[in-house]
Amino acid sequence: MHEFRTHNCNELNTSNVGETVRLSGWVHRKRDHPNALFVDLRDHYGLTQVVVYPDQPFYEQVKRTTPESVIQITGEVLPRDADQVNPELATGEVELRADAFEVHSSADQLPLPVFGEPDYPEDIRLKHRYLDLRREKLHKNIVLRGQVINSIRRRMIELGFNEFQTPILTASSPEGARDFLVPSRLNPGKFYALPQAPQQFKQLIMVAGFDKYFQIAPCFRDEDARADRSPGEFYQLDVEMSFATQEDVFNVIEPVMAGVFEEFAEGRTVETPFPRIPYKESMAKYGSDKPDLRNPLILNDVSDFFTDEDLTGFGLFKKIVGGGGKVIAIPAPKAAAEKSRKFFDNLDKWAKKEMQMPGLGYARLSEGEDGATKSQDPVLKNFKPDHLVKILDQLGLTAGDGVFFAAGKVGDAYKLAGAARDVVGKELGLIEEGIFKFCWVVDYPMYEYDEDNKKVDFSHNPFSMPQGGMEALETMEPLDILAYQYDIVCNGIELSSGAIRNHRPDIMYKAFEIAGYDQQTVDTEFAGMINAFKYGAPPHGGLAPGIDRIVMLLAGAENIREVIVFPMNQQAQDLMMNAPSDVESKQLRELHLRLDLPKEK
RNA sequence: GCGGGUGUAGCUCAGUUGGUUAGAGCGCUGGCCUGUCACGCCAGAGGCCGCGGGUUCGAGUCCCGUCACUCGCGCCA
């Protein structure tokens, strides 16, 4: 007989009755009765009920065994009487009678219970992650993560992609997010950077002629966390292919994404094909470049209705529009009829508090004595009747409906409107459930105006090919130039960003020139890549869907920590391993570093 | 860096207008119970009410500060 176990805890059934077997696992629950002590024994696979009778010499010892201790039971598999079968359990038709008992490891009082699935404090969960990971939901999420990655890998290999590993210690890049830096011992004063993504490497792999590449790649960015963004590190399905148009990339990746989601959908619908939404349209309709298409609400630019105060009797919005701003309406169908005034006031409060905006206007629509739709709320109260009919007509709203107004500078107004669209949709219960709604967001602008530095800068990825190529760069207004740049969005979560790359040195220099970088800067900052492109580079493109977010969606998790085995907290600390930590001064000396810490408050 | 929320027993939470000895469930310890499977019943142990200051005759409760966790903003080519 095996030293530890002959079966796992999800395995025994009526066919094993009469066999003498051995199980090892954790003490999940105990139920103490005068005639018998029941122990639910748990391992990775499941639960088995062990019954210990009082005539056993180890009876008292088992009774005193603490939950989560690791024990081993050897004994005979017994059938259960029909009225004692537990249909919830795979092993519920049998139980294991303990004839021998051994403790592998006994557990102290637990900082958090394993049994049950209520919420526990995040810091305790993270500090004792190994306990948290024993809990059913989290354990399942992590197993799912492994399965999703296996499925992705299988699909990519079947499509002829080659998986390579790229360096973890690489060079800092001036573009993009803040780098994690690693000091070089052998090169005093110089630093490696952890890759924000294997961006340049994958393009060089194309230049090297490997044609199709993928990698489940670790990426490192020293930026602050969000619910769907872990601090520090995350994984991407990094993909690049040669001689590929944007259409080719879509045709390869869409079935992979849809396939993976279908494989793990468990009854949820995956809508295909993914609609394609130009960036501009996405901003106008959803106030976001990651629209949640489960939400039926569509934004409406009503700025023009507020230009004439004689028609509106409302000066505030006129002022905003006159100053180049926008007034964006968020319809709230049936809200006036079904929700109280508090609902509307709370959204205004939310805009002020959470979004740190001046406020969110609203109007509730009701039927007046003459049968016409009216509003007693400030924004629409003094509208001339004809004018009111026009704006309500454009909004498609009538008595019983509500409407919110986000007003301000163009960027602010759409940002607030987009966020409000999410909140209103949720509050009104309009978000479709049990479905994955994907889209490609396409035609991102190549450049944007950087208000901070008062200059034109790349809006996304400087290595993207501008639509129209060199001619566009030479003839068009920079801010009007689009890029072959695309995102995959699912249920309002940005899953992936990608592009057809700029593989032509001449176009590259020109593109950087427009953003204010001279040729020499390009030559030094992107030396590896720009040099490579001078020796024959294939047209190529790719993308990089976020693995953690894919698993998060499939697991139905609200937070990305729920799909990461050992995540860090919001302050990018690993509470279990105590990272980051102080180091010995010897280590610093070897690295030629001296600390210059901020003064204690 | 900024804004919001939370912080009371090992864990989840309640705690009235500021008023006696701060409670419940789970867990723990002991006892009882003829087979449970979220077993049940009885008893017990367990509290720097996050921390520091203030107001007050009196603070878990009010005020100020601070810390921790978290959500968002900034940031994230």
Side-chain angles (χ1 to χ4, degrees), chain A residues 28-41 47-54 63-64 66-68 78 80-81 83-89 91-92 95 97 107-128 131 173-179 196-197 199-200 219-232 234 349-357 412 415-416 419 422-423 444 446-448 450 452 457-464 483 485 494 497 499 511-512 515 517 525-526 546 558-559 561 569-571 573 575 601:
Chain A
H28 191 61
R29 298 278 279 180
K30 285 187 301 182
R31 290 173 296 280
D32 178 19
H33 284 265
N35 284 352
L37 168 64
F38 298 98
V39 179
D40 291 337
L41 195 65
L47 286 174
T48 301
Q49 173 164 286
V50 172
V51 56
V52 186
Y53 290 107
K63 221 165 134 175
R64 286 196 310 275
T66 51
E68 296 307 307
L78 305 176
R80 296 204 203 179
D81 292 344
D83 59 337
Q84 286 165 9
V85 165
N86 184 348
E88 305 280 307
L89 242 49
T91 61
E95 63 190 8
R97 185 190 67 216
D108 289 346
Q109 162 117 232
L110 302 167
L112 63 89
V114 170
F115 176 77
E117 294 283 338
D119 291 330
Y120 298 110
E122 204 65 26
D123 45 346
I124 294 175
R125 294 183 61 194
L126 292 172
K127 184 171 182 190
H128 304 278
L131 288 179
S173 148
E175 292 292 325
R178 201 175 290 117
D179 285 318
Q196 296 178 22
Q199 181 64 38
Q200 294 189 59
C219 304
F220 305 90
R221 295 177 193 176
D222 189 4
E223 298 292 351
D224 289 347
R226 290 289 183 275
D228 64 353
R229 200 168 84 201
S230 54
F234 58 98
K349 277 186 201 159
W350 161 85
K352 290 183 169 96
K353 276 188 179 177
E354 298 273 324
M355 300 300 290
Q356 296 171 348
M357 297 282 185
D412 288 346
K415 185 179 186 64
L416 177 58
D422 285 339
V423 176
Y444 275 81
M446 183 80 189
Y447 299 100
E448 65 189 7
D450 178 353
D452 294 339
D457 204 354
F458 294 108
S459 78
H460 233 69
N461 184 328
F463 309 125
S464 300
Q485 170 94 42
E494 183 192 317
S497 170
F512 274 86
Y517 304 92
E525 302 290 3
F526 307 105
E558 292 291 321
N559 192 290
R561 287 186 297 272
N569 72 5
Q570 196 179 38
Q571 278 73 243
Q573 299 159 338
L575 298 176
K601 275 187 214 164

Close side-chain approach of A:Tyr517 and A:Phe458, heavy atoms under 4.5 Å: yes

Touch class at under 4.0 angstrom, heavy-atom based, for A:Arg125 against every strand present: nothing

Nearest-angstrom distance, P atom, B:G19 to B:G44: 27 Å

P-based separation of B:C63 from B:A68 [nearest Å]: 22 Å

Euclidean distance for P, B:G10 against B:G72 (whole angstrom): 31 Å

B:G47 and B:C39, which share atom name C1', separated by this distance in whole Å: 30 Å

Selection from B:U70, B:C11, B:C75 that lies nearest to any side-chain heavy atom of A:Asn569: B:U70

Sugar-phosphate only, base, or nothing, as touched by A:Pro462 at under 4.0 Å among non-hydrogen atoms: base

Given RNA chain B, 5'-ward residue of the pair A:Ile124 and A:Asn86, judged by closest heavy atom: A:Ile124

5' priority, RNA chain B, between A:Arg226 and A:Leu126 [closest heavy atom]: A:Leu126

Distance, rounded to the nearest Å, where A:Leu37 contributes CG and B:C33 contributes C1': 14 Å

Exam field: side chain A:Asp81 to backbone A:Asp83, donor-acceptor pair closer than 3.5 Å: no

Sugar-phosphate only, base, or nothing, as touched by A:Pro34 at under 4.0 Å among non-hydrogen atoms: base

Side-chain donor/acceptor contact of A:Arg221 with base of B:C75 under 3.5 Å: no

Intra- and interstrand pairs of RNA chain B - dot-bracket, Watson-Crick/G-U under 3.5 Å, | marks other strand: (((((((..((((.....[...)))).(((((.......))))).....(((((..]....))))))))))))....

Side-chain N or O of A:Gln49 closer than 4.0 Å to phosphate OP1/OP2 of B:U36: no

Using a cutoff of under 3.5 Å, can you pull out all pairs of nitrogen or oxygen atoms linking the protein to nucleotides 26-32 of chain B, with atom names and distances?
{"unit_1": "B:G27", "atom_1": "OP1", "unit_2": "A:Arg29", "atom_2": "NH1", "d": "3.3"}

Partners meeting salt bridge (charged side-chain N to carboxylate O under 4.0 Å, His left out) with A:Arg31 (sequence neighbours left out): A:Asp40

Non-neighbouring partners of A:Gln196 that pass side-chain contact (heavy atoms from CB on, under 4.5 Å), sequence neighbours left out: A:Ala177, A:Asp179, A:Arg221

Protein-nucleotide distance (A:Phe38, atom CZ; B:C33, atom C1'), rounded to Å: 13 Å

Phosphate OP1/OP2 of B:C71 contacted by A:Asn559 side-chain N/O (<4.0 Å): yes

A:Leu78 CG to B:U36 C1', straight-line distance once rounded to whole Å: 15 Å

P spacing across the pair B:G25 / B:C42, given as an integer number of angstrom: 9 Å

Nucleotide B:C11, atom C1' - distance to CG of A:Asp123 in whole Å: 13 Å

Distance test, side-chain N/O of A:Arg31 to OP1/OP2 of B:C33, below 4.0 Å: no

Spacing of A:Arg80 atom CZ relative to B:C37 atom P, expressed in whole Å: 11 Å

Whole-angstrom distance between B:A38 and B:G30, as gauged at atom C1': 22 Å

Nearest-Å distance once atom P is located in both B:U8 and B:C69: 15 Å

B:G58 versus B:U17 - spacing of their C1' atoms, nearest Å: 14 Å

Cation over ring face, A:Arg125 and A:Tyr120, 6.0 Å, 45°: no

Side-chain (A:Arg97) to main-chain (A:Leu78) donor-acceptor, under 3.5 angstrom: no

Phosphate contact (B:G74 OP1 or OP2) by A:Lys415 side-chain N/O below 4.0 Å: yes

A:Asp222: side-chain contact (heavy atoms from CB on, under 4.5 Å) partners, not counting sequence neighbours: A:Arg178, A:Phe180

Residues which pass side chain to side chain donor-acceptor pair (under 3.5 Å) with A:Glu525, listed by chain and number, not counting sequence neighbours: none

A:Met357 CE - B:G4 P separation (whole Å): 16 Å

A:Phe234 ring center near A:Phe220 ring center (under 6.0 Å): no

Interatomic distance where CG belongs to A:Asp422 and P belongs to B:C71 [whole Å]: 17 Å

Sugar-phosphate, base or nothing in reach of A:Glu95, heavy atoms under 4.0 Å: base

Sugar-phosphate only, base, or nothing, as touched by A:Ala36 at under 4.0 Å among non-hydrogen atoms: nothing

Pairing residues for A:Ser459 by the side-chain contact (heavy atoms from CB on, under 4.5 Å) criterion, not counting sequence neighbours: A:Pro445, A:Glu448

Presence of A:Gln571 side-chain N/O under 4.0 Å of B:U70 phosphate oxygens OP1/OP2: yes

Which residues share a side-chain contact (heavy atoms from CB on, under 4.5 Å) with A:Gln571, sequence neighbours left out: A:Asn569, A:Gln573

Listed partners of A:Asp228 passing salt bridge (charged side-chain N to carboxylate O under 4.0 Å, His left out), at least two apart: A:Arg549

Side chain of A:Glu122 (C-beta onward), nearest among B:U12, B:U70, B:C37: B:U70

Distance in angstrom units between A:Gln570 CD and B:G1 P, rounded: 12 Å

